[in-house]
Amino acid sequence: QAFTLDWLSSLEPGQKDALLTQASDAAVRALQINPANPLAQAFYAEVLADQLKSSQALAVGRQAAELAPDLMDVHRTYGYVLESDGRYSQAIEEYKKAIAIAPQLGFLHLSLGQNYRRIRENESALEAFDRAAKINPDDVLPYLAIARTYYQMGEYYVAARNLEKALTLDPANPDIYGRLGLVYFHGKNYQGALEDLSSAVY
């Protein structure tokens, strides 16, 4: 319940604080029933991170990781807590541990790549995003992540190719048209930029 309420809070911005409070209450109740439950600790750490209670989230997340090093969600949540605190290199190590346990979860590779990108290890980031794309070829998120990485590297042509691929998967998404228009603009393809930015506005 805590896990579900926490993730729901990211989809309901108008109810975020209330949902996070409910998530926290559910996690605390789980820990009252079983204080040594590593998943309860892990999900509580994730809720605390989303409530911007960084020091407490780090302590609880570390405790969960020490208690149950064989559970994917323990490393995923601790990686998320570390990432939320700007500790990207440490987060990378936790996401790697999570991937070693569950290598076919594409969103783990996305999280790994995002942290590599934050420390400007772009090749490692691209490898992680490519793996996510291979796992879930119909998901637009890996292609958006690849495009953003190449865009930040100034490789506008390759960024555009990946955004075009994303558009074939979600052709009615205005955000993708907007991103593609900006990439075309910075690549000096002004006609293409006008077309895609107009589509985004429409």
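Values below: all heavy atoms of this structure, side chains included; hydrogens, waters and symmetry mates excluded. Just so we're clear, the structure is a prediction, and the values are computed from it rather than from any experiment.
The number of heavy atoms from other shown groups lying within 6.0 Å of OH (Y88) is above 12. At most 12 non-hydrogen atoms from other residues, nucleotides or ligands lie less than 6.0 angstrom from CZ of R161.
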Show, in sequence, the C-alpha distance, side-chain angles and deciding distance for Q114 and R118, and conclude whether the side-chain contact (heavy atoms from CB on, under 4.5 Å) test is met.
CA-CA 6 Å; Q114 287 162 1; R118 287 188 174 101; 3.9 Å; yes
Give the C-alpha distance, both sets of side-chain angles, the deciding distance and a yes or no for side-chain contact (heavy atoms from CB on, under 4.5 Å) between M72 and L105.
CA-CA 10 Å; M72 179 278 294; L105 294 180; 3.6 Å; yes
Please step through side-chain contact (heavy atoms from CB on, under 4.5 Å) for the pair D6 and F43, ending with a clear verdict.
CA-CA 8 Å; D6 178 65; F43 296 147; over 6 Å; no
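Separating the CD atom in Q63 from the CG atom in L67 is a distance of 7.0 Å, to the nearest 0.5 Å. Here L163 contributes atom CG and T168 contributes atom OG1; the two are 11.0 Å apart, rounded to the nearest 0.5 Å. Here the straight-line distance linking atom OG of S54 with atom CG of L48 works out to 9.5 Å at 0.5 Å rounding. In this structure, CG on L112 lies 4.5 Å from CD1 on I99, to the nearest 0.5 angstrom. Remark: S199 OG to L194 CG distance equals 10.5 Å, nearest 0.5 Å. Taking CG of N122 as the start and CD1 of I146 as the end, the distance is 12.5 Å to the nearest 0.5 Å.
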I'd like a table of donor-acceptor pairs (distance under 3.5 Å, sequence neighbours excluded) in which one partner is a side-chain atom from residues 10-25, with atom names and distances.
residue : atom : partner : partner atom : Å
S10     : OG   : W7      : O            : 2.7
T21     : OG1  : D17     : O            : 3.0

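L8 and F3 fall into different hydrophobic clusters, where Ile, Leu, Val, Met, Phe, Trp and Tyr are joined by side-chain heavy atoms under 4.5 Å apart, directly or via other members. Taking hydrophobic clusters as Ile, Leu, Val, Met, Phe, Trp and Tyr residues chained together by side-chain heavy-atom distances below 4.5 Å, M153 shares a cluster with L144. Residues Y156 and L126 are members of one and the same hydrophobic cluster, defined by side-chain heavy-atom contacts under 4.5 angstrom among Ile, Leu, Val, Met, Phe, Trp and Tyr. Linking ILVMFWY side-chain heavy atoms closer than 4.5 Å, directly or via other members, places L141 and V158 in a single hydrophobic cluster. Linking ILVMFWY residues whenever their side-chain heavy atoms come closer than 4.5 Å, directly or via other members, leaves Y143 and L182 in distinct clusters.
In terms of heavy-atom proximity, L110 sits nearest to F129 at O-CE2, 3.4 Å. Taking all atoms of both residues into account, the shortest heavy-atom contact from G113 to A125 is O-CB, 3.4 Å. In plain terms, the two heavy atoms of Y80 and A49 that are nearest each other are CE2-CB, 4.1 Å. For the residue pair A98 and R76, the shortest heavy atom distance occurs at CB-N, 4.0 Å. When all heavy atoms of S89 and I119 are compared, the closest pair comes out as OG-CD1, 4.0 Å. Minimum heavy-atom separation, D175 to N173: N-OD1, 2.9 Å.
By the 30° and 60° cut-offs, the orientation of the rings of H186 relative to Y151 is perpendicular.
For residues 89-116, every residue pair satisfying the salt bridge (charged side-chain N to carboxylate O under 4.0 Å, His left out) rule, not counting sequence neighbours, is listed here: E93-K96, E94-K97.
Two residues are said to be in side-chain contact when any heavy atoms from C-beta on lie closer than 4.5 Å; N136 and F107 fail this criterion. The closest side-chain heavy-atom distance from L197 to Y177 is not below 4.5 Å. Under the 4.5 Å side-chain criterion, counting only non-hydrogen atoms from C-beta, I101 is not in contact with L71. Contact of the E83 side chain with the R87 side chain is not registered, since no non-hydrogen atoms from C-beta on lie closer than 4.5 Å. For the pair Q41 and R62, the minimum side-chain heavy-atom distance is 4.5 Å or more. Put simply, the side chain of Q56 reaches to within 4.5 Å of the side chain of Y44, judged on heavy atoms.
No close placement of the Y184 and Y190 rings is indicated, their centers lying 6.0 Å or farther apart.
Side-chain atoms of D170 never come within 3.5 Å of backbone atoms of A166 as a donor-acceptor pair (strictly under, hydrogens ignored).
Among E155, R117, E123, the single residue meeting the side-chain hydrogen bond (donor to acceptor under 3.5 Å, both in side chains) criterion with T149 is R117.
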